[in-house]
Asker: 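Sharing a structure, written as C-alpha cells. Questions coming.
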Amino acid sequence: MTLQHAKLNGWVKEVAGLCRPDSIHWCDGSREEYDRLMKRMVESGVATPLQKRPHSFLFRSEPGDVARIESRTYISTANRDDAGPTNNWVAPEELKATMKSLYAGCMKGRTLFVIPFSMGAVDSPIAKIGVELTDSPYVVCNMHIMTRVGTTVMEKLGADGEFIPCLHSIGAPVAPGQKDASWPCAPLDQKYISHFPEENLIWSYGSGYGGNALLGKKCLALRIASAMAKREGWMAEHMLILRLTNPAGKQYHLAAAFPSACGKTNLAMLTPTLPGWKCECVGDDIAWIKIGPDGRPYAINPECGFFGVAPGTSYDSNPAAMDTVKENTIFTNCALTDDGDIWWEGMGPAPNHAIDWKGRDWTPDAKEPAAHANARFTVPARQCPVICPDWEKPQGVPIDIFVFGGRRTSVMPLVHEAYSWDHGVFMGATASSETTAANIGAVGNLRRDPFAMQPFCGYNMADYFGHWLAMGDRFGKHAPRIFYVNWFRKSPEGKWLWPGFGDNIRVLKWMCERIDGTVGAVETPIGLMPKEGDLDLTGLAIPDADLKELLRIDADAWKAEISDIERHFGQFGDRLPARIRRQLDDLRKRLG
Ligand code: O2Y
Ligand code: MN
C-alpha cells in the first residue's frame, strides 16, 4: 500500500536511498500483516509461540540490548541551553552527520517497513500522527499493539496531513548468505536515540528494544510531544490516568507521575480493598492533557497497549495485569517453562526447570534470575479487565487530581497535599526516588526525577517547570489539586509500614474527600496531611505506632532534604523560575 502524500513518499525514498533496504513494505495494521510477520519470525527461530497463551510469543533480546539507554539518548537543539542540564546534547549538524554515516547501507538485506501510526484515537482532537520507518519486524508487531496503525491513520493523513517522522534502524545489515542474528543490533557506542524537537524529528539507531525502538512511546509521546506541548499550550506527561468511582457513583479522574520501579502499572490497574469503590484504568504510562471548552484539563492516553515490566507482576500485586496478558501478548526476556508458558520472578512458585531469558537451562538454584529485571509484556489495553469504558473517548477525561510520588524508605510521609498550585509544581520539581535493582544507578541511591520526566523532557527542565506554572495560571479555578505519595516508607527496623497495592485506595479516597471538602487536614511545614481518623483504615490492622511513623515529619531530615534540593536546583542557574525558588524559601521558613 502506498499513499499519495508527496512529503511522506519523498522522505521514504530519501531514507531508502541512504539505508539501502532490499524492499519496502507499507504497513496496513491488519491482523493478517501481524500474523504474517510473526509467522516468519517463528520460522526463523526468533519468536517462540506459547502453548499456554493463545496468539502469544516470546522473544529474547541480545544481552546488551535490554532497556532504554539514557546515556545514548540525545536532545539536539541549536542552542545547548535549550536542551538543558538534564539532557545529553550534541549539535544537530554534528549528530546528523554521525548518524547519517551509520545509516548508510544499514538496512542492506532487510525490509524497510513504513508504519503510519496515530498516538491517541484517530478521531481525537488531541491525537498526533507519526510515521516510523524501521527495519525490525519485531518493532512492527509491537507498534501494532502499542499504537493505532492502519488505513484510518492513512486516510487521516490524506495527501498533505502533518506527521512526525521517526526513523529507526537496528543497525545490523545482513550480507547475502550471511546467517542473521536472532536479535540483531549495533554495539553500545553506536547506539543513538536522537530527538530534534525544533523540527519534530526522531532518529534512532542500533537498538531494537522498547523505548529505544518503539518510537511512538517515549520518543514521540513524551520527548517530542513535551516540546510541542510547551509551544502549543498543552501538556505531555509521564502519567498514568485512573478513574475512581465512589460508592455514591461520583467519578474522579487522577493523573499520577512516578519514576520507574514505583508500582505505576499496579496503581493504574488498582483493585480497591474498600467496599463500594471502583477503579478503572484509562492509561498506565503517558497522559496528553489539553484545556477543554469548559476550561477544565482533559487527558487522553495516547497509547493503545501496555508495555509493562513483567517481574514482580502476580495475581497478588496486579491481578488485572495478569488477566490482561492471557492472550495476544508479546513477551520479551521472560523465562520459558517446559509446558510452553512464560514465567518471571515474583509471578508465583518457580518451575522446577525453565529456559532463562538468555536461552540457557535454568533451575531454582541458579545464580541468576530466569527473567531479566526489565523483561516486558506488550499487550492491547482493551484486554485489561478494568479498562475504563471511556479510555478512547476522543475528548479525554477531566482531571481532578495530580499525584507525584517516588520510592523513599524514609523522610517522605505516606501522603501530603500541596498548599497551592505553585507548591504542587515545587513538589513535582523536587520528586525523588531511591534506585532499585530494576532501575538505573546503584541500589538505594537517591535520584531526583522531576515529574518522573527527567529521562523524557524534550527541552530545558527549568522551562518545563515554567510551563507547569503557566498552565496552572490558565487552569485558574479548574486547576487540579496536587498531592505527593510515598507507599514505600519503612520503620527504623526496615519493615514496610504501608500495605500498598489495593489498600492505596484509602489514600486516594482521602484525596477525593479533600476535593469534596468532606474531610480535614492538618497544616504541616511540608504540606497538608490527614489528621488522625481522616484516613479510612476500616478492616486494616495497622498499628498506631506504624501510622504515626508513616505520617511523621522529621524536621532534621527535611533540612537535609533542602540542601539536596538546593544542589538539584543549582544545575538550572538563572533559568529556574523565581516562583519555584520562592517555594523552597517558604518551605525553609516553615521548617524553622
Ligand atoms: O526499557 C524500556 O525500553 C522501556 S521503559 C518503559 C516502558 C514502559 C513504560 N515506562 C517505561 C519507563 O521507563 O518509564
Ligand atoms: Mn514510563
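Values below: all heavy atoms of this structure, side chains included; hydrogens, waters and symmetry mates excluded. These figures come from a predicted structure and were not determined experimentally. The chain is numbered in sequence order, starting from 1. Note that ligands are numbered from 1 as they come in the structure, with each ligand's atoms numbered from 1 the same way.
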Asker: Please confirm whether the backbone N or O of Trp234 pairs with a side-chain atom of His467, one donor and one acceptor, at under 3.5 Å?
Answerer: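 Checked: pair present.
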Asker: Which option, Ile69, Asn374, Asp285, owns the non-hydrogen atom nearest atom 9 (C) of ligand 1?
Answerer: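 Residue with the shortest heavy-atom distance to the ligand atom: Asp285.
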Asker: Using a strict 4.0 Å cut-off to heavy atoms of His238, name the atoms of ligand 1 that fall inside it.
Answerer: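 It comes down to these atoms of ligand 1: 14 (O).
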Asker: Within the 3.5 Å criterion, strictly below it, is a donor on His238 or Lys264 matched to an acceptor on the partner's side chain?
Answerer: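 The criterion, which ignores hydrogens and geometry beyond distance, is satisfied for Lys264 and His238.
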Asker: List the closest protein heavy-atom neighbour of atom 10 (N) of ligand 1: residue, atom name, distance to the nearest 0.1 Å.
Answerer: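 Looking only at protein heavy atoms, the one closest to atom 10 (N) of ligand 1 is Lys218 NZ, 3.0 Å.
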Asker: At a 4.0 Å threshold, what atoms of ligand 1 neighbour a non-hydrogen atom of Ser260?
Answerer: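 Checking each atom against Ser260, I get 12 (C), 13 (O), 14 (O).
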Asker: Do Arg68 and ligand 1 have an N or O pair less than 3.5 Å apart?
Answerer: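 Yes, at least one N or O pair falls under 3.5 Å.
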Asker: Is any N or O atom of Gly210, backbone or side chain, closer than 3.5 Å to an N or O atom of ligand 1?
Answerer: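 Checking ligand 1 against Gly210, no N or O pair falls under 3.5 Å apart.
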Asker: Measure the distance from atom 3 (O) of ligand 1 to every protein heavy atom, then report the residue, atom name and distance (to 0.1 Å) of the closest one.
Answerer: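 Heavy-atom neighbour on the protein nearest atom 3 (O) of ligand 1: Gly211 N, 2.8 Å.
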Asker: So is there a nitrogen or oxygen of Lys217 less than 3.5 Å from a nitrogen or oxygen in ligand 1?
Answerer: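 No: no nitrogen or oxygen of Lys217 is under 3.5 Å from one in ligand 1.
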Asker: Give a yes/no answer: is there an N/O/S atom of Lys218 under 2.8 Å from the Mn ion (ligand 2)?
Answerer: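 Yes, within the cut-off.
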Asker: Against Asp341, only a single residue in Lys326, Lys52, Arg53 fulfils salt bridge (Lys or Arg N to Asp or Glu O under 4.0 Å); can you say which?
Answerer: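 Among Lys326, Lys52, Arg53, the one meeting salt bridge (Lys or Arg N to Asp or Glu O under 4.0 Å) with Asp341 is Arg53.
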Asker: Applying a strict 4.0 Å limit to heavy atoms, is Phe306 in contact with ligand 1?
Answerer: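 Judged by the 4.0 Å heavy-atom criterion, Phe306 does not count as contacting ligand 1.
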Asker: Under 30°, 30 to 60°, or over 60°: which ring-plane class applies to Phe451 and Phe404, parallel, tilted or perpendicular?
Answerer: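 Phe451 and Phe404: perpendicular rings.
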Asker: Using a 4.0 Å heavy-atom threshold (strictly under), name the region of Arg376 that reaches ligand 1: side chain, backbone, both or neither.
Answerer: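 For Arg376, the contact with ligand 1 is made by the side chain alone.
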Asker: For side-chain contact (heavy atoms from CB on, under 4.5 Å), just list the numbers for Phe402 and Phe483, CA-CA rounded to whole Å, side-chain angles, deciding distance to a tenth of an Å, and then say yes or no.
Answerer: CA-CA 6 Å; Phe402 280 128; Phe483 298 83; over 6 Å; no
Asker: Heavy-atom contacts with Phe456 under 4.0 Å: which atoms of ligand 1 show up? List them by number with element.
Answerer: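 Those atoms are 12 (C), 13 (O), 14 (O).
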Asker: To the closest 0.5 Å, what do you measure between CE (Met471) and NZ (Lys230)?
Answerer: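 That separation rounds to 11.5 Å.
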Asker: Using a distance-only test with no angle check, is there a side-chain donor-acceptor pair under 3.5 angstrom linking Asn328 and Arg382?
Answerer: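 Absent: no donor and acceptor within the cut-off.
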Asker: So, of the N/O/S atoms that Asp285 has, which is the nearest one to the Mn ion (ligand 2)?
Answerer: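 Of all N, O or S atoms in Asp285, the Mn ion (ligand 2) lies closest to OD1.
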Asker: Is any side-chain N of the basic residue among Asp189 and Arg72 closer than 4.0 Å to the acidic one's carboxylate O?
Answerer: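 Salt bridge flag = no for Arg72 with Asp189.
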Asker: Under the salt bridge (charged side-chain N to carboxylate O under 4.0 Å, His left out) criterion, do Lys96 and Glu199 qualify, and how do the steps go?
Answerer: CA-CA 13 Å; Lys96 283 185 180 172; Glu199 45 183 317; 2.6 Å; yes
